[in-house]
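See below for the structure under consideration.
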Amino acid sequence: MGDQVTDAGWWSDAVGYEVYLRSFADSDGDGIGDLPGLISRLDHLADLGVDIVWVTPFYPSPMADFGYDVADHTGVDPRFGTIDDLDRLVAAVHERDMRLLIDLVPNHTSDQHEWFRSALADPASPYRDFYIWRDGAPDGGPPNNWRSHFGGPAWTLDEASGQWWCHLFLPEQPDLNWANPDVRAAFEDIITHWLARGVDGFRIDVAHSLVKHPSFADNPVLVEVGPDASAGEAFGAMRHDHDLDQPGTLDVYRDWHRLAREHDAVLLGEVYLDSAEAVGAYVADGVLDLSFFFPVLHTTWDAEVLRHVVTATLTHGRGRFAWVHSSHDDPRAPTRFGGGDRGRRRALSFLAFTAFLPGPLFLYQGDELGLVDGEVDPAAASDPVAVRNTNPDGGRDPVRTPMPWSPDAPNLGFSTGTPWLPMPANHTAADTVDAQREDPGSTLHAVRRLLRTRRERRPGTDPVELLAEGPAEVLGYRSGDVLVVLNAGDRTVTVPLPGPVELAFSNGTVDVGSGRAVLEPDAVAVMEVTT
Ligand code: GLC
């Protein structure tokens, strides 16, 4: 199903792992994860079977959005380490036969970036046009009805000049003006800088919204929302005809693609659009190599929804949508799937189901432990989405709590100081890497086994045939000799098999034999057809 990839690179089969740097491992006791901490934990990733380490922004930043507000694209924030640490990270990742992906944030900068400081201080500055400025509406309000993802209007008034600047995120994250060729040139320099320094590619933040419609017209309103709406609800209440996914965006990536190819580097987009067809355009030949497809990461445990996202990925992703189950922005899979042991079991089953389909597979830190969202006391809220809105729904602190490493150390081994976000009470000794390493029945062992099985038995470029027959709550496919079946329903199911099979990986209770597989609810079976 779906065309096969024509210019597959080293990334097309890889296992990626997202490190949310701030919460991964703190080496110096300041309560904030850092580059030396990450280096000290790389063996955990190598043992797991990771090929690509994606590290979230480490650049100098006022941290209004915890590093996604970049003040200097080629530096390292002292809280995260030094440029030497970064070089050490590149070398340490390569020594372990892994590759390093860094985050590139091209939609906006920090308001403390020297470009914006100059633009704000002096409307005649050459950097003024690096950003988007408009006069207000005749009533004195913002230039149009665009909303910020993080709540409130997407415009803030610069009283000195009387113009408004555009920000699809915080006011402290002014959007860059991608209609300006100097902005393009500046980013090509940034990309070249990092490629020369040895990084193996970029995860491109908010890759779908760089270019804005030149009319700056209002977006059509779909539903009126009241003041109690969450930031997400308010953003979703309009059709984003003029601020997202605009013509011209892909041309930016065509230029970057040429640069990346010179270094055999990969470009992975955060293309946060719901339509698989729209996301598919970003991974056409010569544009981005890969994209995440976020409906996969938003699924609930419902056979129809799961089937839909899998089918859409196969049809439009063509091996270039990276499978992703959790992230630093969205609820973790075990939580979405009901929480507790059941949510954990389901998350592992769906992870295994996607592991043998075309496309790389990305884990988020803690996925290998079956970690559920952390419980964060509202008084400790840090995420601007939670702090700046009266309705904090969508706040991301619960998915950013520090990584639990070891049962006996302070703060479960994350930090000897006070963690920037408290260790949640619902993450216990049993959730730690060290405890799970000792327990052959743990999620950690299961994920490691899964990734090993994937490496050994992955069907490669064989076409995928979705199983059309069988109970409605069963999802299944065959690719080459690999046959994978998942029971997303509430009753035990019997699935007919095409012939003798060998069970390669399972999760939940599975009985395979004599022409059929019996799967209890939430179970997955990965089989190899032996004749
Ligand atoms: C992306 C990041 C998110 C950040 C936003 C603004 O969605 O993943 O964490 O807040 O971009 O940069």
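Whatever order the structure lists them in is the order used to number ligands and atoms, beginning at 1. We number each residue from 1, following the sequence as shown.
- The closest approach between Phe66 and ligand 1 stays at or above 4.0 Å for every heavy atom of the residue.
- Proximity of Phe150 to ligand 1, defined as any heavy-atom pair under 4.0 Å, is confined to the side chain (atoms from C-beta onward).
- Atoms of ligand 1 found under 4.0 Å from any heavy atom of Arg396 (numbered from 1 in listed order, with element): 3 (C), 4 (C), 9 (O), 10 (O).
- Annotation: Phe116 is in aromatic contact with Trp165 [ring centroid separation under 6.0 Å].
- A ring-centre distance under 6.0 Å is not found for His263 and Trp194.
- Near Phe169, the atoms of ligand 1 lying under 4.0 angstrom from a non-hydrogen atom of the residue are 5 (C), 6 (C).
- Looking from atom 7 (O) of ligand 1 to the surrounding protein, the closest heavy atom is Glu270 OE2, 2.7 Å.
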Please table the atom pairs, donor to acceptor, closer than 3.5 Å between any side-chain atom in residues 50-60 and protein atoms at least two apart or in another chain.
from, atom 1, to, atom 2, distance (Å)
Asp51, OD1, Arg455, NH2, 3.3
Asp51, OD2, Val15, N, 2.7
Trp54, NE1, Asp103, OD2, 2.9
Thr56, OG1, Val19, O, 3.2
Thr56, OG1, Leu21, N, 3.0
Tyr59, OH, Asp103, O, 2.6

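- Aromatic pair Phe216/His242: ring centres not closer than 6.0 Å.
- In the vicinity of His108, heavy-atom distances shorter than 4.0 Å reach the ligand 1 atoms 6 (C), 12 (O).
- Within ligand 1, counting atoms from 1 as listed, the ones closer than 4.0 Å to a heavy atom of Arg400 are 9 (O).
- By the 4.0 Å heavy-atom criterion, His149 is excluded from the residues contacting ligand 1.
- Each of the atoms 4 (C), 5 (C), 6 (C), 10 (O), 12 (O) of ligand 1 lies under 4.0 Å from some heavy atom of Asp65.
- For the pair Asp264 and Arg261, the salt-bridge criterion is not met [side-chain N within less than 4.0 Å of a carboxylate O].
- Salt bridge annotation for Arg320-Asp285: present, with a cationic side-chain nitrogen under 4.0 angstrom from a carboxylate oxygen.
- Considering only non-hydrogen atoms, atom 3 (C) of ligand 1 lies nearest to Asp329 out of Thr56, Asp69, Asp329.
- The nearest protein atom to atom 2 (C) of ligand 1, hydrogens excluded, is given as Asp205 OD1, 3.1 Å; this is a heavy-atom distance.
- For Asp65 and Arg396, the salt-bridge test passes: some basic side-chain N is under 4.0 Å from an acidic carboxylate O.
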